[in-house]
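By convention in this document, chain letters (A, B, ...) are assigned in the order of the sequence lines, proteins followed by strands, and residues within each chain are numbered from 1. This one's a predicted model, so the numbers in the text were calculated from it and none came from an experiment.
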Amino acid sequence: MLNSLLPSLLPFLVVLTLSLWVIGAIRRVNMWRQGQDNPVAFFPAIKAIIPRYLNDLHHVVERDKYISNTHVATAGGFVLSMVLIILVYVFGLAPEILGKLLLASLAMMFVGACFVAKRRINPPSRLSKGPWMRLPKSLISFSLSFFILTLPASGVISADAFGWVLVVILSAFSFMGLTEMLFGMTWGGPMKHAFAGALHLGFHPRQDRFNGGRSTGLKALDLNRPMVDKDAKLGVEMPADFKWNQLLGFDACVQCGRCESMCPAFAAGQPLNPKKVIQDIVIGMSHAQDATTEANYYGSPYPENQGVEVKDHKGDMHQPIVNGLIEPETLWSCTTCRACVEECPMFIEHVDAIVDMRRFLTLEKGQTPGQGTQVIDNLIATDNPNGYNPTHRMNWAADQNLPLMKDVKRTQVLLWMGDAAFDMRGQRTLRAVVKLLRSANVEFAVLGNEEKDSGDLARRLGDEATFQRLANANIATLRQYHFDMIVTADPHSFHVIGNEYGELGGQYKVLHHTTFMNELSESGRLHLKDDLRGKVTYHDPCYLGRYNGEFEAPRSLLKSMGADFVEMERSNFRSRCCGGGGAAPITDIPGEKRIPDMRIDDANATGAEIVAVACPQCALMLEGVVTPRPEIKDIAELLVEQLVIQDAAESNKQTPAEVH
Amino acid sequence: MPLSQLTTHTLLSLGKHPLSGRTRRAEQDAKAFELAAKLGQCLGLHAGNYQDADALKSFAGMSIAPVCILEIEQSSDPVAALSAYFKQTKSDIILTGSQAERGESSGMLPYLLGKSLDLPVINQVCEVEQTETGLNITQALPRGARRALSVKPPCILIIDESAPEARQTAYGAAMRAEVGKLQGYNEADTDAANFNFEDARKKPKRMKKIKAKTAADRFKAATVSQAKGGQVIEPKTSQEGAEAILKLLKEEGLVKTN
Amino acid sequence: MANHVKRVDPHLERIKRNRLHPRHLELTATAISMGPNGIIRKDPHKVGFMGPNGIKRIDRANLNQASGNVVSQMQIEEQKPKHIIESPTRYIVVLPDLAAGRLSSHDKDVLGYAHTLADENTAVIAIAFGEHKESGWQDAGVDRLLELNDDIYQGFSPEARIQALVQIEQSLDVTHFLFPDSIDGGADLGRRFAAELDSRPVTHGWKPLEDSIICRASAGTQDLTKTLSKVMLLDAEVADPIDETQHAASTLDELELAVSAKALINDLGMLAVNPADISLSVAPFILSGGNGIRDWDTFHQAASILGATEGASRVAVDDGFMPRHRQVGASGIWVSARVYIAVGISGAVQHLQGISQVDKVIAINTNTKCDMIKRADLSIIADSTDILNALVELVQAQEVSEGESHAA
Ligand SMILES: Cc1cc2nc3c(=O)[nH]c(=O)nc-3n(C[C@H](O)[C@H](O)[C@H](O)COP(=O)(O)OP(=O)(O)OC[C@H]3O[C@@H](n4cnc5c(N)ncnc54)[C@H](O)[C@@H]3O)c2cc1C
Ligand code: SF4
Ligand code: SF4
């Protein structure tokens, strides 16, 4: 009797777990749908999942070769096996052929699972423990038990080779595997990442991120909502205030901790761990409904264990996040450097989430910390963060005789000065840029006192209202004039004007000064000596590199100056932030170390005598590090040092002598 | 009498940024509002034109208390209007700033109000605490000194710079807020009608009067006062260095001279 | 005063006799001599004197006039012309703050302004409420002095003071009541009095014109010209202080004042304020330590003995030697002290931003080239611990000697 029951046990277990999977999936989708609307076309999204997995996701995972191969074997093996298991065991389809295929895919999965197990023997601290330590066992028991059970089913060995005891035991193991893989996938186990992750690839809130695209600008907030709808709030207070597909994204987190290992604030011992931020939100939104008790957190805490302890977590979909799940200091520690986003294999948008929550604190609560309030007040009253007289923006250039847009109306290059115009350090760079433009005979002009802060700081402080006011004012000013492009030495203005003004109606061609100077140098309009002395390394500004993908121009300029160039260990898209972005120096959340100190340590490790920078904020941050340290020079300053002033004959050609 | 039973009014005015001249919440009034937040039931009151309601939302955005405009004509005297209001509506505490950021900014308003309502006025208030018998006030004196005062409400309190910082205005709360409207009593301020404001002239730096009897003295006075850039001493002994410092501290009156 | 008597300074005489004394040459040298061929020579070794830092200085302008026979360096008490108003018909009343018990320079400016309004029949009365230590009334332009130091006028006593002023206003022919518009008391008392008289006062008057005065308005951002009023509150430097004349400062005693002691406001006395508790942003005197402090105990001791509020650079805070709310600078607190002593602080821009409103900066640093020294009014190039220790010793020694002299 038992023998006759056994063959139907496995199909029963598969169908049971599959049904649970479906119920769980519906519940999960409904949970995400409690978030705000953010329509994404359904079919194209579904269609995009597989190509995005193969191209974009794999591209990120591949940075860790070990895990990428492991993942292909395990995940590929599992998906294939699952399809085949359904066909073979539930529908009894061609067990002979498909069974053999199934054996092969299970073997592949098993090999992968062994590598997962190996990684878990002594896991790096960035990986979460808890149920994640169980996962390789579940994977192995799933693949192995099904493999053995399939041996007779596929006719490799005789059908009654196993006694019923063995069959029951194997079935128990395969049930265990099925529970983890199917039930856990939609009811909140580690495998949840597969379900949510796949959908997140398709329904990602930033659809332009894929296929080599870069979508890094923050999205505008509708500031009129509170006036139309008294209950509407600005920014995110509780999980349900996120867009539904942001919630989907958070749910996809595999707790791999890659973000954590890249986060400069985490490394500096500030109370921020991007992985935990995401997990805290997940716990808030899902603990009420997840059947498993695993909606818990087994990764690294916020440094120094600051923050709300997991056991004291109070939160759910409709409860405030800040102070219930996350302390405000955590949100204000972020430099918005995007190192976490760049590294995340699940394409989670930490910076968007953090800024969304900051927006609520600033716009609805009036709780911008540190000097943030002062800076916002200054921006409101004087259009610059330090409260200088707005009519003094051009004072630095009193001796420069710069053409003003309001006089010339039309020019080739509009030089955007940025707030560096008010700062002595920044003015040195600006002078260098002016000198370079003049030496290359570029036709340019500045807005002068008509220029206002770009709005970058206000926006990262969560003050969308002040950002939009500044941006709209700048757009209105720019609208009066004609120019081919904007060139700026400030990557923050560069990013904001180039990527964030568009939504408000300002479309411009914006170039960073290094890009523009590189073009000038390559086209022979800028003559450089190639004898730059001293070992030089280059610090990528986040807002130039990760935000805008410009890694090459500054390096190429350094090389054309003949620099003895060395890369820091963390460079290019993995560059470590100087600590100056996202208003972090203003909110100034204490940690154990300071981010710029760590960056100078990075530079010291290369033995460089000069750290070339390409951002006034980086220059300020790195120069703020206690000496001895390498010299900090903007690339523009180095270029001026290496500039070959065109000889008299050549300049004569340009201005024919009047004596003739 | 627990604090929450006290009724407090904070007088609010529109400020003006000293550099850009833009309208803002008057800083001192915001501090007064902040102090009022812990003194029980409160109302923010502005005597003026209802057209300024939007600008006053910067106070409403502090989410401390409702904000209301006691509407009067441009040419009317706010003191008369406020005085008429407070004769009808009793208030235990009236909090004000010491000086408006616009107009005459004579700082007379709280005193005139005190005179007309016959209330005690205390200036330079940085802390208020309720006691069995009334209020304990901490008065901020120059250079960080503090004096304790006591007074029985009703009274008028003028805030000091060193009172706790005003909280941030939250944009969303400000946008949602509705500014109330009350009809104020109009009495023309005829003097003010003739005021003619000009941009502040620069104050010339006072010339050091040289009381020199000889040419050499005059020369010395001229060179010493003009020599900019500090004195740099490389002392032979630390005692010598310390003496130089102490001398300067004594000149500044920070260390007692004996 | 016998100012024609030639005084001999025994100390200088002793130096003149002692050839080993470092200042000996300074007092005795006749550096100029007639050379053999009748040419006047300067002996370069004998020119000059030792400066305070041990560097030889040449006094070309002869400022010190320290040659052997100019020993009468004593103050010459000049005889100023007297300004006497025998029987005034009108009065101008000035209410000096007497902050710290003495006429402040602001008080003196207001007294100076009073005299620009006075004619030959007008006497300037100064009213001194409460205790004071001032003795220089005559030189500051006070024709009549009214000292009101009964108990009711002590401390914060606006009600009693206003009663007194009202009675004075009723019994004398006063053209103006002048107050310094200052946080030391004048701003408050003046406004109270103006409200009491229901007279619109001049406030923040700073530039006198013919029959009017320019006042600051809009919190200092605008000017408003007002006609002279009965009660006037005046800014510092409204006029030059009295300098050339000597005044009677005779007591004004023909007044009978009946002031009731009843007050709605009670003064409970001054609160003891620990300099360490004063918020950095308003502290008048700050001792600030940076990365160049070797011994923090000495630093704290020095701060407490000098009565200074403690500040710190970012590095000192990051390294855990000072709490965060003590950090001065761009990302810390912007201070407004009268004197700021920067010990072992290099003067990074972010730090200098925070002390931009400081009046006088003293730097103690081992590095002559650091930016703090460029900003400082006085720089001592030495080790931080040594100087702080020396300061502590010096102040302690002084307190001891003071104690002795009090005992004596
Ligand atoms: C965004 C940002 C914000 C910042 N904000 C602030 C801020 O608000 N406040 C602030 O202070 N800093 C701030 N900094 C840091 C600032 O740039 C400097 O790093 C810091 O001020 C240096 O502190 P320090 O002068 O104590 O140390 P150092 O620069 O190391 O200077 C130590 C000084 O001590 C002297 N010294 C050494 N030994 C002795 C001795 N035995 N006796 C006497 N002197 C000695 C040295 O000559 C040197 O001048 C900020 C930096 C950044 C990037
Ligand atoms: S957020 Fe992304 S990078 Fe961070 S732990 Fe989760 S999956 Fe990994
Ligand atoms: S953006 Fe940078 S600082 Fe912020 S959480 Fe990510 S890695 Fe950390």
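For the options C:Val282, C:Leu394, C:Asp386, heavy-atom pairs under 4.5 Å to chain B are most numerous at C:Leu394. Listed options C:Val395, C:Asn266, C:Ile341, C:Thr309 were ranked by heavy-atom pairs under 4.5 angstrom with chain B; first place goes to C:Asn266. Annotation: maximal heavy-atom pairing with chain B below 4.5 Å, among C:Ala337, C:Ala308, C:Ser182, C:Pro284, occurs at C:Pro284. Between chain B and the residues C:Ile183, C:Leu224, C:Leu391, the largest count of heavy-atom pairs under 4.5 Å involves C:Leu224.
B:Leu248 touches chain C through its side chain: at least one heavy atom from C-beta onward sits under 4.5 Å away, while N, CA, C and O do not. Using a 4.5 Å cut-off between heavy atoms, C:Asp198 touches chain B through its side chain atoms alone. With a 4.5 angstrom heavy-atom cutoff, C:Ile214 touches chain B only via side-chain atoms. Of the two parts of B:Gln239, the backbone and the side chain both hold a non-hydrogen atom closer than 4.5 Å to a non-hydrogen atom of chain C. Contacts of B:Asn136 with chain C are made by side-chain atoms alone, with heavy-atom separations under 4.5 Å and no backbone atom involved. The contact between B:Thr138 and chain C is made entirely by side chain atoms (from C-beta outward), counting heavy-atom distances below 4.5 Å. Within the 4.5 angstrom heavy-atom criterion, only backbone atoms of B:Asn196 (N, CA, C, O) approach chain C. With a threshold of 4.5 angstrom between heavy atoms, C:Ile373 approaches chain B through side-chain atoms but not through N, CA, C or O. Interface remark: B:Leu141 contributes side-chain atoms only to the contact with chain C (heavy atom separation under 4.5 Å). Heavy atoms of B:Gln124 lying under 4.5 Å from chain C belong exclusively to its side chain. Contacts between C:Ile278 and chain B at a heavy-atom distance below 4.5 Å involve the side chain alone, from C-beta outward. For C:Ala194, the parts sitting under 4.5 Å from any heavy atom of chain B are the backbone and the side chain alike. Using a 4.5 Å cut-off between heavy atoms, B:Ala100 touches chain C through its backbone atoms (N, CA, C, O) alone. Contacts of B:Glu243 with chain C are made by both backbone and side-chain atoms, with heavy-atom separations under 4.5 Å. With a 4.5 angstrom heavy-atom cutoff, B:Ile137 does not touch chain C via any of its atoms.
Inter-residue side-chain proximity for C:Thr225 and B:Phe195 is flagged as unmet; no heavy-atom pair is nearer than 4.5 Å. No side-chain heavy atom of C:Ile380 sits less than 4.5 Å from a side-chain heavy atom of B:Glu240. At least one side-chain heavy atom of C:Glu196 sits less than 4.5 Å from a side-chain heavy atom of B:Lys115. Contact of the B:Ile233 side chain with the C:Leu378 side chain is registered, since non-hydrogen atoms from C-beta on lie closer than 4.5 Å. With contacts defined as side-chain heavy-atom distances shorter than 4.5 Å, the pair B:Val121/C:Arg192 qualifies.
Nearest approach of B:Pro235 to C:Ala382, heavy atoms of both residues: CG-CB, 4.3 Å. The minimum heavy-atom distance linking B:Pro142 with C:Asp184 is given by the pair CG-OD1, 3.2 Å. In terms of heavy atoms, C:Arg216 sits closest to B:Lys202 at NH2-C, 4.4 Å. The two residues B:Pro120 and C:Ile265 have their closest heavy-atom pair at CB-CG1, 3.9 Å. When all heavy atoms of C:Ser218 and B:Ser105 are compared, the pair lying nearest together is N-OG, 3.1 Å.
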Exercise for review: Apply the test side chain to side chain contact (heavy atoms under 4.5 Å, CB included) to residues B:Lys152 and C:Leu264: give CA-CA distance (whole Å), side-chain angles for both, the deciding distance (0.1 Å), then the verdict.
Suggested key: CA-CA 7 Å; B:Lys152 273 204 191 70; C:Leu264 294 170; over 6 Å; no

Review point. Would C:Gln222 and B:Arg102 count as a side chain to side chain contact (heavy atoms under 4.5 Å, CB included) if you check the C-alpha gap in whole Å, the side-chain angles of each, and the deciding distance to 0.1 Å?
Key: CA-CA 9 Å; C:Gln222 287 190 309; B:Arg102 299 171 168 269; over 6 Å; no

Exercise for review: Start with the C-alpha gap between B:Lys203 and C:Asp235, add the side-chain angles, then the distance that decides, and say whether salt bridge (Lys or Arg N to Asp or Glu O under 4.0 Å) holds.
Suggested key: CA-CA 11 Å; B:Lys203 268 190 196 179; C:Asp235 277 352; 3.3 Å; yes

List the atom pairs, donor and acceptor, that lie under 3.5 Å between side-chain atoms in residues 361-368 of chain C and the rest of the protein, sequence neighbours left out.
from, atom 1, to, atom 2, distance (Å)
C:Asn365, OD1, C:Asn367, N, 3.0
C:Asn365, ND2, C:Ile345, O, 3.2
C:Asn367, OD1, C:Lys369, N, 2.8

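C:Asp223 places no side-chain N or O within donor-acceptor distance of the main-chain N or O of B:Glu198, the cut-off being under 3.5 Å. Between the side chain of B:Ser238 and the backbone N or O of C:Ala390, no donor-acceptor pair lies under 3.5 Å. In this structure a side-chain-to-backbone donor-acceptor pair under 3.5 Å is missing from C:Arg191 to B:Leu112.
Residues from residues 200-207 of chain C that place a non-hydrogen atom less than 4.5 Å from a non-hydrogen atom of chain B comprise C:Arg200, C:Pro201, C:Thr203, C:His204, C:Trp206, given in numerical order. Contacts between residues 20-34 of chain B and chain C, defined by a heavy-atom separation under 4.5 Å, are made by no residue at all.
When each of B:Lys16, B:Glu101, B:His17 is paired with C:Thr221, the side-chain contact (heavy atoms from CB on, under 4.5 Å) condition holds for B:Lys16 and for no other.
In this structure, the side-chain contact (heavy atoms from CB on, under 4.5 Å) partners of B:Gln74, at least two apart in sequence or on a different chain, are B:Asn49.
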